[in-house]
Amino acid sequence: MPAMDVTPLLDPLNEQQREAVTLSPGPALVLAGAGSGKTRVLVHRIAWLIAVEGVSPLGIMAMTFTNKAAAEMRGRAESLLGMSVSGMWVGTFHGLAHRLLRAHWQDAGLPQTFQILDADDQYRLVRRVLRSLELDESRWPPRRVQGHINARKEEGLRADRVQTGKDPGDGQMAHIYATYEEACRRAGVVDFAELLLRSLELLRGNASLLEHYRGRFQHLLVDEFQDTNDLQYAWLRLLAGDRRQVFAVGDDDQSIYGWRGARIEHIQDFSKDFPDTRIIRLERNYRSTETILQAANHLIGHNEGRLGKELWTEGSTGDPLVIYEAFDDRDEARFVAERVRYWTEQGHGRSEIAVLYRSNAQSRVLEEAFVALGIPYRVYGGQRFFERAEIKDALAYLRLLANRDDDASFERVVNQPPRGVGERTMVNVRDYARRHGTSLWAAAQALVARGGLTTRAANALRGFLEGIDGMARTPAGSLKDRVEQVVAASGLKDHYAKEKGERGQARVENLDELVSAAQGFEYDPDEHGDMDELGAFLAHAALESGQAQGDAWEDCVQLMTLHSAKGLEFPLVFLCGMEEGLFPHQMSMAEPSRLEEERRLCYVGLTRAQRQVILTYAQQRRLHGADNANMPSRFIGELPAELVEEVRPRAMMQRPVYRTDRRDAEESESGMRIGARVRHRKFGEGVVVDYEGSGDHARVQVNFEQVGSKWLVLSYARLEPA
DNA sequence: ACAAATACTGTTTTT
DNA sequence: CAGTATTTGT
């Protein structure tokens, strides 16, 4: 690499960023606050290594958390350098692990055609295993079992090394785990955690291989380091070896994936595991107003055990944060929609606005409000493309084409669309497979061949087997042709077309979209050289869930969860549903560490905003069909009062009277209503959640912040409005 | 074996 | 409540 002008590399950087980018060899940890130019530092570091240090792209591995981040990193590095860096390994931990396993499938003890099991596939397989062991699903909830297995794998524990003893169920659980592993092995499938664990074991158990990769990847870069789990961290350490050329970028205040194994502690461990680590803090924020930063700093200050970081800016002060107390979730949604309309009337784009919420379920009411006002919006996340039932059906056919022994896929589509292969037949097939230790496919073949079935069942099953073989024999010109062929020949398209209502229509459209996806799929021989195009496409489908809709670039309001907002920025940000129980979420309130994670999530939300934050909460919210009354989120109280401005609902926004029943009459009589916040001299503040009786006998149920839920007789309790 | 009806259940975040 | 899983009826 010729010496080049380093001006474009260093000019756009501030002092700390430049220090990080130009660091001499050795382990480095960059603590990059929100909006401090984290991605920029990573990209420029890569460019610096290549252009100035003369490192070959082949010698660099960069690990990210999402596929999007990986693509962005590669793209930005290429445009900065003005050259292709295709030899560089950039990807998610899972993607890179997959690549490694593909290259060394034999050493890893996998079939060449091994497939990836996504969360849903895994869930199904767990259930199948439970059934085969004749275990009661109420005593062994499949989801818990699934979580348990994944947790063990993330600890690096195989079934045979799981500790048993303390709990009598432990032994049984270990047995389930072992049976599950065996089922995976037989089907030639690998779940997400297995990708990481298996590749870790591969490197650990194969000294020459490890030496090879250590030699090749002289430089490791990690994005979102605070989100690494134990397995990923072990992976990193192993690969780094003694060279310790690790450049990790992260922010302990933005660690929001603890629930799925991410360990914030790795940030602290890093300096111990890699002696002489240089730590650089990026605290200058280029995104938000000073007001927003102060609010965010103040909020996150309520967490303990932080590494400590204070964002600052030279930007303007900006407007205070706005808080709106809605009557209910629909009122909240309407308020948001109206504010959006107001914002766009000021000449701003809709795509400058993000509406963030804690859980996906909250999006629906918001969507309805946007539809009502005719405001285009786009929802991120939720059900993703490759997770839809019809898409998974089609993929199952494709997977069977690639690997006949994929039992999960076999089970999924053997009778989808219905072709006369019923439960009875499948019991036979499964039984045969278990007794002979073969795959379902082989068992079905054997049973059909030697007539262990009724004629009807045998014909139906033969129809399926021959259908698959027939498709396999038919040469397909391109991947797109193949997918198109499978969608049609499997009968899926006809089947879904017959489904009545809009649902069937949508499913057919999705199948068509799958064909387009296949057509648009970019087969990169550089990265997928060891797989055929179909295999690469299937891996892509499993590893990259795909956005819900790849809809055009229309100017849309962006709706998404707080989690999926990480890494993004918007001029205007709404944080909706700021209520105790919802955010912080019920399930995370008891444990301090989980509560802190919720607070970090709130911090992430606030720091997405460039100019304005609007927080909303509802006194009453409909959730899974029941009305709930919640206290405002404690996080609202943790914002500096002087930076916050409460807007009052307009008079006509007061409680709509849509119903005049007995309860309404009672309420108006006493002035008490559900959702009202009250204070009790002993119990403190709470929310009225239920009400019965009238006059002197009237009783209210109040959910108190401190002492929980209590029924009180109104005439004695001396409640006052809070 | 299939379709329709009923029961049930789960309800945070997702590579 | 809404989507799925199981049961029931044909």
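Naming: A, B, ... by sequence-line order, numbering from 1 per chain.
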(message) With a 4.0 Å cut-off on N to O distance, would you call A/R621 and A/D328 a salt bridge?
(response) no

(message) Considering every strand and a 4.0 Å limit on heavy-atom distances, what is the contact class for A/Y257: base, sugar-phosphate, or nothing?
(response) sugar-phosphate

(request) Would you please confirm or rule out a distance under 4.0 Å between OP1 or OP2 of B/dT9 and any side-chain N or O of A/R143? (result) no

(request) May I have the distance from A/R330 (atom CZ) to C/dC1 (atom P), rounded to whole angstrom? (result) 12 Å

(message) With rounding to the closest Å, how many angstrom separate the P atoms on C/dT6 and B/dT11?
(response) 16 Å

(request) Could you grab the distance from atom CZ of A/R306 to atom CD1 of A/I267, nearest 0.5 Å is fine? (result) 11.5 Å

(request) Grab the CD-P distance between A/Q362 and B/dT13 for me, whole Å please. (result) 9 Å

(request) Grab the CZ-P distance between A/R622 and B/dT11 for me, whole Å please. (result) 21 Å

(message) Need to verify one output field. Residue with the more 5' nearest nucleotide on DNA chain B, A/T64 or A/G422?
(response) A/G422

(request) May I ask you to say what A/N415 touches in the nucleic acid, namely base, sugar-phosphate or nothing, with a heavy-atom cut-off under 4.0 Å? (result) sugar-phosphate

(request) Go through B/dT12, B/dC2, B/dT15 for me and flag the one nearest to the A/N67 side chain. (result) B/dT15

(request) Would you mind classifying the nucleic acid contact of A/N360 as base, sugar-phosphate or nothing, using non-hydrogen atoms under 4.0 angstrom? (result) sugar-phosphate

(request) Could you check which of B/dT15, B/dT13, C/dT6 has an atom nearest any side-chain atom of A/S359? (result) B/dT13

(request) Measure from CD on A/E597 to C1' on B/dT14 and round the result to the nearest Å. (result) 13 Å

(message) What is the distance, to the nearest angstrom, from the CZ atom on A/R599 to the P atom on B/dT12?
(response) 21 Å

(message) Would you say A/S564 places a side-chain N or O within less than 4.0 Å of OP1 or OP2 belonging to B/dT13?
(response) no

(message) Determine whether the aromatic ring of A/H585 stacks with the base of B/dT12, defined as ring centroids separated by less than 5.5 Å and ring planes inclined by less than 30°.
(response) yes

(message) Nearest to the A/F192 side chain among B/dT12, C/dA5, B/dT15, which nucleotide is it?
(response) B/dT15

(request) Return the orientation label for the A/F521 and A/H540 ring planes: parallel under 30°, perpendicular over 60°, tilted otherwise. (result) tilted

(message) Is the distance between the ring centroids of A/F225 and A/F270 under 6.0 Å?
(response) yes

(request) Find the distance A/R128:CZ to C/dA5:C1' and express it as a whole number of Å. (result) 17 Å

(request) Report the distance from atom CG of A/D118 to atom P of B/dT14, rounded to the nearest whole Å. (result) 14 Å

(message) When you measure from the side-chain N and O atoms of A/R594 to the phosphate of B/dT12, is any distance below 4.0 Å, counting only OP1 and OP2?
(response) no

(message) Salt bridge check, A/R399 against A/D121: does any charged N sit closer than 4.0 Å to a carboxylate O?
(response) yes

(message) Determine whether a donor-acceptor pair (one donor, one acceptor, N or O, separation below 3.5 Å) exists between the side chain of A/W259 and the base of B/dT12.
(response) no

(message) Please determine whether a side-chain nitrogen or oxygen atom of A/R419 lies at a distance below 4.0 Å from atom OP1 or OP2 of B/dC2.
(response) no

(message) Suppose you measure atom P in C/dT4 against the same atom in B/dT13; what distance do you get, rounded to whole Å?
(response) 16 Å

(message) Determine whether a donor-acceptor pair (one donor, one acceptor, N or O, separation below 3.5 Å) exists between the side chain of A/R260 and the base of B/dT13.
(response) no

(request) Specify the separation, in whole Å, of atom CG of A/D120 and atom P of C/dA5. (result) 9 Å

(request) Assign each of A/R424 and A/L543 to its nearest nucleotide of DNA chain B by heavy atoms, then name whichever residue's nucleotide is nearer the 5' end. (result) A/R424

(request) Report yes if at least one side-chain N or O of A/S588 is closer than 4.0 Å to OP1 or OP2 of B/dT12; otherwise report no. (result) no

(message) Evaluate A/Y257 against A/F65 for ring pair (Phe, Tyr, Trp, His ring centres under 6.0 Å), listing each step before the verdict.
(response) CA-CA 11 Å; A/Y257 285 102; A/F65 198 58; 5.0 Å; yes

